[in-house]
Amino acid sequence: MANDASTVFDLVILGGGSGGYAAALRGAQLGLNVALIEKDKVGGTCLHRGCIPTKALLHAGEIADQARESEQFGVKASFEGIDVPAVHKYKDEVIAGLYKGLQGLIASRKVTYIEGEGRLSSPTSIDVNGQRIQGRHILLATGSVPKSLPGLEIDGNRIISSDHALVLDRVPKSAIILGGGVIGVEFASAWKSFGADVTIIEGLKHLVPVEDENSSKLLERAFRKRGIKFNLGTFFQKAEYTQDGVKVTLADGKEFEAEILLVAVGRAPVSQGLGYEEVGVAMDRGYVLVDEYMRTNIPTISAVGDLVPTLQLAHVGFAEGILVAERLAGLKTVPIDYNGVPRVTYCNPEVASVGLTEAKAKEIYGADKIVTLKYNLAGNGRSKILKTAGEIKLVQVKDGAVVGVHMVGDRIGEQVGEAQLIYNWEALPSEVAQLIHAHPTQNEALGEAHLALAGKPLHSHD
């Protein structure tokens with residue numbers, strides 16, 4: 001530590017993941033004296049066990065698929081298999097480069113970085129490494145870990161979490177994935193590309209169930225075509241070891257067997273044994289409760305990221321951390337509109353969205369006030385070149401703004417930036433239709449969809 005024990009920081013942050021380090025960097029930039037406490041590595045789940053490594057695996061899978069399918073593009077190539085150590089080397093190099101850059105940023109902003117396991121000891125202090133770190137304000141950002149279901153023990157052997165899956169020393173011959181949300185479908189996609197036989201078990205009616213139903217159905221169709229199996233609408237009952245692997249039994253008695261079981265039923269907040277309850281922080285089911293400005297019930301304590309019951313996305317953590325830093329520095333802040341946050345699932349094909357689903361929009365505005373339009377990527381030149389299928393679906397309030405954009409297709413996640421602007425700036429279809437989109441791009445499909453919604457379709461039927 002650069003500061004002595006008598007230092008009182010403006011802001012002490014417990015947790016160096018997306019939300020914590022974003023608050024540290026922005027706070028220091030605004031002149032706050034900041035201490036950042038992290039027991040593992042700065043960057044948290046996203047950098048080391050989440051967003052970055054999973055996307056590296058998915059990209060390696062995409063390369064494998066391209067090698068297999070190269071002949072349809074007139075390129076003769078042969079696919080000889082997956083070199084798992086080399087895949088991990090590539091993935092780890094990506095992480096290492098970003099980690100080094102982040103460490104440099106923390107140092108350059110003169111944030112006091114403390115490595116150790118911290119514990120909240122009062123409304124204005126955190127104990128770490130036998131020292132009490134005092135702060136005028138405390139930010140809790142201890143993140144989340146993979147969770148399981150009652151009676152289902154993740155042992156790291158045949159029953160694994162996403163943490164284990166990211167360092168698996170082989171491509172499993174077969175895998176059951178419990179959970180058809182973002183984590184489940186991304187691993188299903190990567191493992192299928194690597195050559196595994198994959199089955200997803202999802203208790204709800206659709207894969208990626210929080211997305212618009214049309215997007216879920218398009219993904220299910222694409223997964224069937226890829227040979228990824230899934231069972232929907234029946235909940236898990238039990239898992240047991242067999243001679244060679246794992247057997248999963250569902251509530252209706254149906255059984256599935258595979259080499260491994262990946263439990264991908266979501267992530268639970270890290271909040272137990274950290275002094276939160278003893279200090280009096282209001283909590284619910286392990287989550288720290290906050291208002292729209294990320295303030296807890298204790299005036300000197302805020303919380304951000306996966307620890308609070310908002311969207312569990314790294315970019316949400318960034319935004320929440322920045323909001324707290326700016327509020328403490330005396331700047332005017334605006335609460336986050338979580339509907340306006342872009343969401344991307346990086347399977348093949350990708351699923352991207354921002355705003356309201358059709359069902360949610362009808363619930364808010366009334367069914368008679370909602371207009372929808374679907375634009376098929378078959379009419380998009382760039383998508384045709386990529387040989388991808390999918391759609392862009394727009395949800396509009398009648399005679400008003402577009403309140404939902406839902407997209408499915410290879411690489412379509414790159415288009416969510418403009419979709420975010422459309423939603424957050426409450427754009428009318430006619431306003432987006434006036435913009436000139438580059439040809440041939442997939443971005444052009446977003447423009448064409450708005451042209452059609454504005455009543456002047458170009459490369460689509462009336």
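Here the structure is a predicted model, which means the values were calculated and not measured.
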Could you go through the side-chain contact (heavy atoms from CB on, under 4.5 Å) check for Val344 and Glu414 one step at a time? CA-CA 9 Å; Val344 185; Glu414 299 299 329; over 6 Å; no
Between Ser122 and Arg132, a side-chain donor and acceptor under 3.5 Å: no
Where is the tightest heavy-atom contact between Val279 and Ile298, given as atom of each residue plus distance? O-CD1, 3.5 Å
Are side-chain N/O atoms of Ser189 and Asn348 paired as donor and acceptor at under 3.5 Å? no
May I ask you to decide whether Arg411 forms a salt bridge with Glu62, counting only side-chain N to carboxylate O separations under 4.0 Å? yes
Count the heavy atoms of every other residue, nucleotide or ligand shown that sit under 6.0 Å from CD of Glu278, and state whether that count exceeds 12. yes
Quick test of your reading of the model: are Glu213 and Lys205 salt-bridged, counting only N-O distances below 4.0 Å? no
Between Leu328 and Leu32, is there a side-chain heavy-atom distance shorter than 4.5 Å? yes
State which residues pass salt bridge (charged side-chain N to carboxylate O under 4.0 Å, His left out) with Lys374; sequence neighbours excluded, sorted by chain then number. none
Side chain Gln134, main chain Val8, donor-acceptor under 3.5 Å: no
Ion pair present between Glu257 and Lys247, side-chain N to carboxylate O less than 4.0 angstrom? no
My understanding is that only residues two or more places apart in sequence, or in another chain, count here; which of them pass salt bridge (charged side-chain N to carboxylate O under 4.0 Å, His left out) with Asp10? Arg136
Determine, stepwise, if the pair Val402 / Val432 fulfils side-chain contact (heavy atoms from CB on, under 4.5 Å). CA-CA 10 Å; Val402 172; Val432 182; 5.9 Å; no
Electrostatic pair Arg119-Asp127, nearest N-O below 4.0 angstrom: no
Restricting to pairs with a member in residues 169-227, which pass ring-ring contact (aromatic ring centres under 6.0 Å, His included), not counting sequence neighbours? Phe187-Trp191
Does any non-hydrogen side-chain atom of Glu115 lie less than 4.5 Å from one of Lys39? no
Count the heavy atoms of every other residue, nucleotide or ligand shown that sit under 6.0 Å from CD of Glu117, and state whether that count exceeds 12. no
Side chains of Ser302 and His137: is there a donor and an acceptor less than 3.5 Å apart? yes
Filter on ring-ring contact (aromatic ring centres under 6.0 Å, His included), then keep only pairs touching residues 279-337, sequence neighbours left out; what's left? Tyr21-Phe318
With Val304 as reference, evaluate Ile13, Val288, Leu139 under the side chain to side chain contact (heavy atoms under 4.5 Å, CB included) test and give the passing residue. Leu139
Determine whether Leu218 and Val351 make a side-chain contact, defined as any pair of heavy atoms from C-beta on separated by less than 4.5 Å. no
Is the shortest heavy-atom distance from the side chain of Val405 to the side chain of Tyr423 under 4.5 Å? no
Regarding Thr54 and Arg49, is there a side-chain donor-to-acceptor distance under 3.5 Å anywhere? no
Going by an N to O cut-off under 4.0 Å, is there a salt bridge joining Asp197 and Lys173? no
Identify whether the distance between the nearest side-chain nitrogen and carboxylate oxygen of Asp83 and Lys89 falls below 4.0 Å. no
Smallest separation among heavy atoms of Cys46 and Pro53, with atom names: O-CD, 3.7 Å
Considering all heavy atoms, the nearest Gly280-Asn297 contact: O-ND2, 3.0 Å
How long is the gap from CG on Asn214 to NZ on Lys393, to the nearest 0.5 Å? 5.0 Å
For atom NZ of Lys360, is the number of surrounding heavy atoms from other residues, nucleotides or ligands below 6.0 Å larger than 12? no
Hey, is Arg158 close enough to Glu240 for a salt bridge, meaning N to O under 4.0 Å? no
Under a 3.5 Å threshold, yes or no: a donor from one side chain and an acceptor from the other, between Ser144 and Asp306? yes
Applying side chain to side chain donor-acceptor pair (under 3.5 Å) as the test, list every pair that has at least one member in residues 94-103; sequence neighbours left out. Tyr99-Gln103
Once side chain to side chain contact (heavy atoms under 4.5 Å, CB included) is applied, do any residues pair with Thr199, and if so which ones, sequence neighbours excluded? Ile201, Lys229, Phe256
